[in-house]
**Q** 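My questions will all concern the structure given below.
Atom set for the values below is all heavy atoms of this structure, side chains included, hydrogens, waters and symmetry mates excluded. Convention: sequence-line order gives letters A, B, ...; per-chain numbering from 1.
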Amino acid sequence: MATLEVDETPVGLKAETGWRGYASGLVLESVEPFPGVQPVPDGFPADRLAAWHEEPAKTIDRAWRIQDNQVLLERRHADGRLFLRIDTNGAIGFRVCAPYYGRHLVSVDGRSIVSALPRVPPARWQRLFFAQVLPLASALQGLSVFHASAVAVRDRVFAFVGPSGSGKTSFAAHLVALGASFVTDDVLALEIGDTGVLAHPGPARLSIEAAELRRVPSTQHSRVGPCVGRSDKLMLEPTPVPGPLPLAGLYFLRPDPAHTRPAIVASERPSSRPLLGAGFLSYLQSPMFLQRHLDACAAVADSVPLYDVELPAACRARDVAARLLAHCELTNGSRRR
Amino acid sequence: MTEANGRLLLSAHARVPDHVVYRTFVRETVVLNLQTGRYQGLNVTGGRILDLLAADETVGGAAQRLADEYQRPLADVERDVGAFLTDLLDRGLIEVSAHGDA
């Protein structure tokens, strides 16, 4: 006679943890070191803790009550195959699922992440984890997450916001190669406090086109880190700054074929639209998340200088990065005077 | 807006409802409807009007303050403020109550 096996233990309560790492404002607990996550600094507060462990896919599927879920985001390939789905179930939390990239359950409070990892090169499932799962847990624990790259210059963080393909990653890579410290490639977790805006480093991952990496002189390759995987891009492992640092400036990358030369100018345009549009998890639409994002944008606009980087159609990322680095240094200098 | 409605509005209080929040940016104010997730950008003057109304000014009182600050004829300012608030009212971003009822 067939029997129905029911696992009564809620998913998310089984984690045996021993190692702690830090990325995107969270202390990530796991049994073993998590690839791409740096060890948590000594004395770092663990008030935003996320316990991670792995489970078989059937366990995650069993825990997810299909009938109750609400699809928040669904993207499909051109041929109709599912690329990414994020859905929520009020009682359990969020499920992030992408075929061949893994499926993950994130608890409502962001303090538990359970993953079913596919048998693929680690670089593949790590992309989904760092691009969607970790930022979601950060947001659920109170941080504001932006679609931005960022570097640190003299322990102050400078962020780069712009549309896809505007050069966020390329500029970050060249800035790091030129001497800046790596903060994040694609997702920036910000913490709004009474004394200003703190930027948390992301995972030690930077995905860059092979052609762009070739423009980094070989003598500077060690600064952007070793290549730890490849898909359509190379996945590098730069060393992020060890802890949160104050945000000191934000650059809007504005590709514009009308420009003949790149220019960096104080932003005279209303800042709300590009800032609001840079929110990373736009599917989080509850009043709490909406208001938090507006508050974060207002705090950023109020506390740091904003600049437009006008980018002509053909400009070399490395040349612009060199100018950006000089500009960051200048901005730091003017704050100290 | 008819002249009678305009006079009524000037004596009324207007407030941002609980499901609407606004924040001031450098050169603008952003109003957010938390029920719809829609943003509305206002210029500096629009933001100033919301601040005056939040300080319990009547619409007419806010118009008087603006006319003083910008040194503009009161009738012009009353007309502009009325049109502005009617637009916000249509978008569900403010509530209007009769004088003394707020």
**Q** Using a 4.5 angstrom heavy-atom cutoff, name the option from A/Val300, A/Leu294, A/Asp302 with the most pairs to chain B.
**A**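 Of A/Val300, A/Leu294, A/Asp302, A/Leu294 has the most heavy-atom pairs under 4.5 Å with chain B.
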**Q** Heavy-atom distance under 4.5 Å to chain B: side chain of A/Ser282, backbone, both or neither?
**A**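 The answer is neither part of A/Ser282.
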**Q** Inspect the surroundings of CZ in A/Arg273 and state if more than 12 heavy atoms from other residues, nucleotides or ligands are less than 6.0 Å away.
**A**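 Open.
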**Q** Which residues in residues 33-46 of chain B have a heavy atom less than 4.5 Å from any heavy atom of chain A?
**A**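 Counting heavy atoms that sit under 4.5 Å from chain A, the residues of residues 33-46 of chain B involved are B/Leu34, B/Gly37, B/Tyr39.
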**Q** Out of B/Arg27, B/Arg23, B/Glu28, which one pairs with A/Ser272 under the side chain to side chain contact (heavy atoms under 4.5 Å, CB included) rule?
**A**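 It is B/Glu28; the other options fail the test.
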**Q** So which residues of residues 133-149 of chain A are in contact with chain B at a heavy-atom cut-off of under 4.5 Å?
**A**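 Heavy-atom contacts from residues 133-149 of chain A to chain B are absent.
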**Q** Using non-hydrogen atoms and a limit below 4.5 Å, what part of residues 283-293 of chain A faces chain B?
**A**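 Result: A/Gln285, A/Pro287, A/Leu290, A/Gln291, A/His293.
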**Q** Give the interface residues of residues 63-72 of chain B toward chain A, defined by a heavy-atom separation under 4.5 Å.
**A**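 The list, in residue order, is empty: none.
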**Q** Could you tell me the separation between the CG atom of A/Leu276 and the CZ atom of B/Phe25, rounded to the nearest 0.5 Å?
**A**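 One gets 5.0 Å once the value is rounded to the nearest 0.5 Å.
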